[in-house]
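See below for the structure under consideration.
In this text the structure is predicted, and so the values were computed from the model without any measurement.
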Number of protein chains: 2
Amino acid sequence: MAIPRAAKTQRRTRIQEEKEEVILEAALDVFSVHGFRGSTIDQIAEVAGMSKPNLLYYFRTKEAMHRALIDRVLFTWLEPLRAFDANGNPESEIRSYIRRKLEMARDFPRESRLFANEMLQGAPHVEDELRGPLKSLVDEKAEVIRAWAKAGKIAKCDPYHLIFSIWSTTQHYADFDVQVRAVLGQEHSGDGRFEDAARYLEKLFVDGLGMRRP
Amino acid sequence: MAIPRAAKTQRRTRIQEEKEEVILEAALDVFSVHGFRGSTIDQIAEVAGMSKPNLLYYFRTKEAMHRALIDRVLFTWLEPLRAFDANGNPESEIRSYIRRKLEMARDFPRESRLFANEMLQGAPHVEDELRGPLKSLVDEKAEVIRAWAKAGKIAKCDPYHLIFSIWSTTQHYADFDVQVRAVLGQEHSGDGRFEDAARYLEKLFVDGLGMRRP
DNA sequence: GGATAATTTGACCGATTGGTAAACATTACA
DNA sequence: TGTAATGTTTACCAATCGGTCAAATTATCC
């Protein structure tokens, strides 16, 4: 008797772990490009190289697949912000945050697009996470930045909009990759644009925080 | 005999103009949220308040509707960049460009999201426009910025990444509106966040271009 | 090796998809 | 006002959608 998701034995089989991995990988491919509504189980099944009913054996619904994907990605996505250190040097913290975010845009563009799609649609599946854990984390880091400004370590600025602008500029290189490539032309077809962006953005934000002034 | 899109007489009827307007308005509502694949003709028809076959009388296919929408929006969307004046004062040009882009994010968020959706999907419908007209316009304005830098009016910087960063930061307030609202909390439920963003971004970029240094 | 549980698949279902045909209603214009 | 063109709707189509079911196959463990 087939009981999906191993309801009988609480432990997950080796096959389960492997197949769920394959499915989520395929789902990331599809969802990140077409969004939730625009993606079909058949598409994902084809990318995953298995039959549709087989997919539905591991994830009972399309929503369950999307949910699992979002949950997994959400945590690792906030990793760089979490690593933002209150005790560190402001300039190097800002620099390394930008660098890390750009590396993620370069190495995990699908994850970035998955979130972008979700945001564009009004975050119907993750609004709670935004208002809860995300807001808390941002509030905490905003307080750090505010404290730096109060201590005279950096110029005064709105910490929330600072964070927004770092998010948007870095993720832009993942989400709008086609546009960036089209505008830059084929001479930047390698990963050079990420290094150029890193140089430009680090300078922009460091100067913007007045950390380079005497 | 019904011939779609007035094939016989070349002129467009009053009714045609009105209905096509209504349809494109509804299509913008739907496409901007769900993307091309995720949107259905029935959805658009319901928003437009007419029957599905009636929609298809004016636009023969879903693609034709999307195409017409993109074409119309594309032109007005680049308006602010076109207005960027080589003979103007660098600081005020940058400032007003940022302000204009933020106003568009505030007043035309659907148009912004429509493009964002298209970019996320790899620009399957507009890649030619990106490589052609868009790239030309950006190349032209980039040259202006480079000339300013050479003349010592602003600090040296990569003009392409400067433009990218202005695009991304401003459009962020349209495309990621849910996230911005969630993080800022409900006390910023009005349009105040746009004014805060304008203040922050103008300062960031003006400082970044060294225009405030002695 | 055999029993038992876990996995996989083909056939199928009702709902929804983009789109059509033709009848019906309305408008514009002589 | 008559009539031809334009506009609208009902009924429908084949394809695809998310998802189910039972049967077949494979892995696991004693």
Protein-nucleotides 15-19 of chain D N/O pairs closer than 3.5 Å?
from: D:dG18; atom 1: OP1; to: A:Ser39; atom 2: O; distance (Å): 3.2
from: D:dG18; atom 1: OP1; to: A:Lys62; atom 2: NZ; distance (Å): 3.1
from: D:dG18; atom 1: OP2; to: A:Ile41; atom 2: N; distance (Å): 3.0
from: D:dG18; atom 1: N7; to: A:Lys52; atom 2: NZ; distance (Å): 3.1
from: D:dG19; atom 1: OP2; to: A:Lys62; atom 2: N; distance (Å): 2.8
from: D:dG19; atom 1: O6; to: A:Lys52; atom 2: NZ; distance (Å): 3.3

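- Taking side-chain N and O atoms only, B:Ser51 has no distance below 4.0 Å to OP1 or OP2 of D:dT8.
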Considering only distance and modelled atom types, tabulate donor-acceptor pairs under 3.5 Å from the side chains of residues 27-34 of chain A, sequence neighbours left out.
from: A:Asp29; atom 1: OD1; to: A:Arg110; atom 2: NH1; distance (Å): 2.7
from: A:Ser32; atom 1: OG; to: A:Leu28; atom 2: O; distance (Å): 2.6
from: A:Ser32; atom 1: OG; to: A:Asp29; atom 2: O; distance (Å): 3.2

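- Between A:Gln16 and C:dT7 there is a side-chain polar atom (N or O) within less than 4.0 angstrom of OP1 or OP2.
- When the P atom of C:dT16 is taken as reference, atom CD of B:Glu46 falls 12 Å away, rounded to whole Å.
- The backbone N or O of B:Ile166 lies less than 3.5 Å from no partner atom in the side chain of B:Lys101, so there is not a single donor-acceptor pair.
- Contact annotation: A:Tyr57 side-chain N/O to C:dT7 OP1/OP2 distance is under 4.0 Å.
- The salt bridge (Lys or Arg N to Asp or Glu O under 4.0 Å) search around B:Glu93 returns none, not counting sequence neighbours.
- Computed from coordinates, the B:His66 NE2 to C:dG18 P distance equals 13 Å when rounded to whole Å.
- What separates OH of B:Tyr58 from P of C:dG19 is a distance of 18 Å, to the nearest Å.
- When all heavy atoms of A:Asp85 and A:Asn87 are compared, the closest pair comes out as OD1-N, 3.0 Å.
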Distances under 3.5 Å between protein N/O atoms and the N/O atoms of nucleotides 26-28 of chain D, please, pair by pair.
from: D:dT28; atom 1: OP1; to: A:Arg14; atom 2: NH2; distance (Å): 3.0

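- A cation-pi arrangement is present between A:Arg82 and A:Phe75 under the rule of less than 6.0 angstrom and at most 45 degrees off the ring axis.
- Distance B:Lys19 NZ to D:dT6 P: 16 Å, rounded to the nearest Å.
- In this structure, CZ of B:Phe59 is placed 19 Å from C1' of C:dT20, rounded to the nearest angstrom.
- Counting heavy-atom neighbours within 6.0 Å of B:Glu17 CD, excluding the residue itself, gives a total above 12.
- Partners of A:Arg99 by side chain to side chain donor-acceptor pair (under 3.5 Å), not counting sequence neighbours, listed by chain and number: A:Glu202.
- Distance CE (B:Met50) to P (D:dG7): 11 Å, rounded to an integer number of Å.
- Closest heavy-atom contact between B:Thr170 and B:Ala105: O-CB, 3.5 Å.
- Between A:Asn54 and C:dT7 there is no side-chain polar atom (N or O) within less than 4.0 angstrom of OP1 or OP2.
- For residues 31-48 of chain A, the pairs satisfying salt bridge (charged side-chain N to carboxylate O under 4.0 Å, His left out) are A:Asp42-A:Lys52, with sequence neighbours left out.
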